[in-house]
There are 2 protein chains.
Amino acid sequence: MAGRRPSVKPSDAAHSPVSMADLARELGVSMTTISRALSDHHSIGPATKQAVLKLAKKLNYQPNRMASALRKGTSTLLGVIVPYIEGRFFASVVHGIETAASKAGYSIIICQSNEDVAQERKNLETLLSAQVAGILVSVSRTTLDFRHFDKVRKRGVPLVFFDRILEGDSVNAVVLNDQDGAYQATRHLLEQGCRRVAHLAGPQHLNIYRNRRQGYLDALQNQGIAPDESLIIDCDMTLEGGQASMKQLLALPNPPDGVFSAGDWAVLGALQVLKSRGVRVPQDVALAGFSNEALTMVAEPHLTSVDQRCEEMGQAAFRLFTDLAAADGTAFSQRQVVLQPQLFVRESSQRGAEVAGNK
Amino acid sequence: MAGRRPSVKPSDAAHSPVSMADLARELGVSMTTISRALSDHHSIGPATKQAVLKLAKKLNYQPNRMASALRKGTSTLLGVIVPYIEGRFFASVVHGIETAASKAGYSIIICQSNEDVAQERKNLETLLSAQVAGILVSVSRTTLDFRHFDKVRKRGVPLVFFDRILEGDSVNAVVLNDQDGAYQATRHLLEQGCRRVAHLAGPQHLNIYRNRRQGYLDALQNQGIAPDESLIIDCDMTLEGGQASMKQLLALPNPPDGVFSAGDWAVLGALQVLKSRGVRVPQDVALAGFSNEALTMVAEPHLTSVDQRCEEMGQAAFRLFTDLAAADGTAFSQRQVVLQPQLFVRESSQRGAEVAGNK
DNA sequence: TTGTAGGCGTTATCAA
DNA sequence: TTGATAACGCCTACAA
């Protein structure tokens, strides 16, 4: 191809970018004309417009979004705050947001709160100071009130919460119907013939885990089964936590024949304990988890799980932002988008004739 | 806690942020004074300085980073381009970058190229147009030349590549010593008594997979073993690809007793095939993978794998950026940082007395 | 259809 | 130690 690049010249110093003023000077017209040509304004001669565009391309003109934002008072930057970016869920949501945002001409600034309110507060300041057009946030585990978000509202910056929200407050949010997901999973276990379904419950101060527990209870009630408190185990949703919980359940005088866990790692822990004790899955104990992590397809047997629609959540969050931005601060009426989760049935819960594959 | 928030006032319109001019007016001093007080400039009376800071806090003043950047010609925004954000590797690297960056007062803008050069080109324009202070990039799979990066250099914007780089070109980069990682893994298999070690090789146009293959060959040579071409299988590094590759290997007249895969998903596929055929792991065939994905601890037996030091890579990339920025365009001499991978030995390759646990 | 001029919020230069 | 003033690059009344 092109010959090898000449060795870097020492005097290859920063080449200042070309501005509208440069184009104007070059063409002998005013900056207004340039501006209009580039922004596809009406009232501009097609000839001049073409000339401007051509020169812009030739000189490799790049608009300065900062200057534009400063002038217009609104940028094309979007702030996103997540507890952490690692792990399937948030990474996928961010993927969804970024994809939708970049299509619409927005860039996203990512901040991590590391599950710390203080950091979350700082993130908010950083983003406001960067003049973002909107902020999308999933609150940290340690966020107990909303006061620090008031600044954002006062500034008229659209604010959208996703997944983790503080309940009892009126906010714009995109959430998963965790309750229904849990209901689906539990009902499925019951339909597979389970009579005593246990629940590994997550930290109850988080809305998502409260809702999953409620969905579990709903499914039992719907089948006329009275909940048994000894079958509901508090669990931190880790692998080890799942193992401990399962041991606790097996130690019961009347152990369960099905387990619905609010998380996949915990249900994996449960599976490991069952296998180590020679308990058959799903014949003796059927299992279902929540999140549809990659591990569900690695474990043996494959684990039934509830999918959280991560990408859709990201897309929906972005759309909600654009809606709010379009409403232009006039109607900050709180809007909630609720996504429907989907149960993926796999071997760990399938007691029927043949074991259906992945899907 | 605090009483319930009053219902949203309809006239709760966008409250324009307080600027330096506001502070100046309020205190009856000039904007220059305000600026100096806030930027901790010398030559300012301690009394005035205190007054300014106090008022700033009271009125909740937030500096406008855009205006500052416009004036100073350099922002505190950092652009990051990755092929995709999902998946453990890039998410972790981004985590590392963000953590280091936010400590230093930078915010990061994330772009995904979706493994597409055209998109990558667009990302670059977007970032330049956002006036970022630097760009960190892991090139897409379809990037075959560097021309589109020249613009970045011409602008004097520090450019750092990480993990995936185009070889033969002089760039600033942080990479993993893939060759050594592969060498470690292969040597380990040989030390466990394997005589015929196969290799599942990734797409050879990517430097990382070429280097892993080379490391494999080096280890063989180091033990005086002549490489057997039939034991080196081209694989797309997916689960299915790993399955197919393993079947191919088992069909050989003289099948291998060890497999080093350039990726974890492929080695998982291999494991599945071996188990389904009743071949014992690690006794009959020992396995090792690359990436140290979460799945290595889920599979049974746990999989030996090479860790990529994702977070360190992110940190190192950011540090390299700051170094370049400090050099101030004077010395764009290419600098390479090479990280040392670490082999995590687990059950899938451990033929010794007792099977050591994780870590 | 085109041009002039002022300003977005900040910082740097100069003079007081 | 402080203040007036001019930029940075862009947009947009308003005037021509």
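Per chain, numbering begins at 1; letters A, B, ... match sequence-line order.
Remark on the helix from C/dT1-D/dA16 to C/dA16-D/dT1: inter-end axis angle 40°, axes from five-pair C1' superpositions, rounded to 10°.
Contacts of B/Leu70 with the nucleic acid, taken as non-hydrogen atoms under 4.0 Å apart, include base atoms. Across all strands, B/Gly45 comes closer than 4.0 Å only to sugar-phosphate atoms, never to a base (heavy-atom distances).
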* Asked: Does the side-chain contact (heavy atoms from CB on, under 4.5 Å) test come out yes or no for A/Asp323 and A/Arg335, once each step is laid out?
  -> CA-CA 10 Å; A/Asp323 289 356; A/Arg335 219 181 301 182; 3.4 Å; yes

* To do: Report the C-alpha distance between A/Ile135 and A/Val160 in whole Å, list the side-chain angles of each, state the deciding distance to 0.1 Å, and finish with yes or no for side-chain contact (heavy atoms from CB on, under 4.5 Å).
  => CA-CA 6 Å; A/Ile135 297 181; A/Val160 174; over 6 Å; no

* Audit row: B/Phe321, B/Phe162, ring pair (Phe, Tyr, Trp, His ring centres under 6.0 Å) steps and yes/no -> CA-CA 11 Å; B/Phe321 153 71; B/Phe162 59 91; over 10 Å; no

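Checking side-chain atoms of A/Glu120 against main-chain N and O of A/Ser140 turns up a donor-acceptor pair under 3.5 Å. Between the A/Asn114 side chain and the A/Tyr84 main chain, no donor and acceptor come within less than 3.5 Å of each other. A/Gln62 places no side-chain N or O within 3.5 Å of a backbone atom of B/Leu128 that could act as its donor or acceptor partner. At least one donor-acceptor pair closer than 3.5 Å links the side chain of B/Ser39 to the backbone N or O of B/Ser35. A/Arg65 contributes a side-chain N or O that, together with a main-chain N or O of B/Thr126, makes up a donor-acceptor pair within less than 3.5 Å. Between the side chain of B/Asp116 and the main chain of B/Ala118, a donor-acceptor pair closer than 3.5 Å is present. A donor-acceptor pair under 3.5 Å is absent between the side-chain atoms of B/Ser113 and the main chain of B/Gln119, judged by distance alone. Although no hydrogens or angles enter the test, the distance criterion places a donor-acceptor pair under 3.5 Å between the side chain of B/Glu115 and the main chain of B/Arg141. In this structure a side-chain-to-backbone donor-acceptor pair under 3.5 Å is missing from A/Thr143 to A/Val139. Although no hydrogens or angles enter the test, the distance criterion places a donor-acceptor pair under 3.5 Å between the side chain of B/Thr99 and the main chain of B/His95.
Residues from residues 28-37 of chain A lying near DNA chain D, meaning a heavy-atom separation below 4.0 Å, are A/Met31, A/Thr32, A/Ser35 in numerical order. Contact check of residues 49-65 of chain B against DNA chain C (heavy atom, cut-off under 4.0 Å) returns B/Tyr61, B/Pro63, B/Asn64. Near-neighbour residues of DNA chain D inside residues 17-24 of chain A, defined by a heavy atom below 4.0 Å, number-ordered: A/Ser19, A/Met20.
Ring planes of A/Phe149 and A/Phe161: perpendicular class, angle over 60° (limits at 30 and 60°).
For D/dT2, one of the phosphate oxygens OP1 or OP2 lies less than 4.0 angstrom from a side-chain nitrogen or oxygen of B/Thr48.
Pairs engaging residues 310-321 of chain A under the side chain to side chain donor-acceptor pair (under 3.5 Å) rule: A/Arg309-A/Glu312 [sequence neighbours left out].
Taking every nucleotide of DNA chain C with any atom under 4.0 Å from a non-hydrogen atom of chain B, the first and last of them, 5' to 3', are C/dG9 to C/dA12.
When each of B/Ala67 and B/His41 is assigned the nucleotide of DNA chain C bearing its nearest heavy atom, the one mapping closer to the 5' terminus is B/Ala67.
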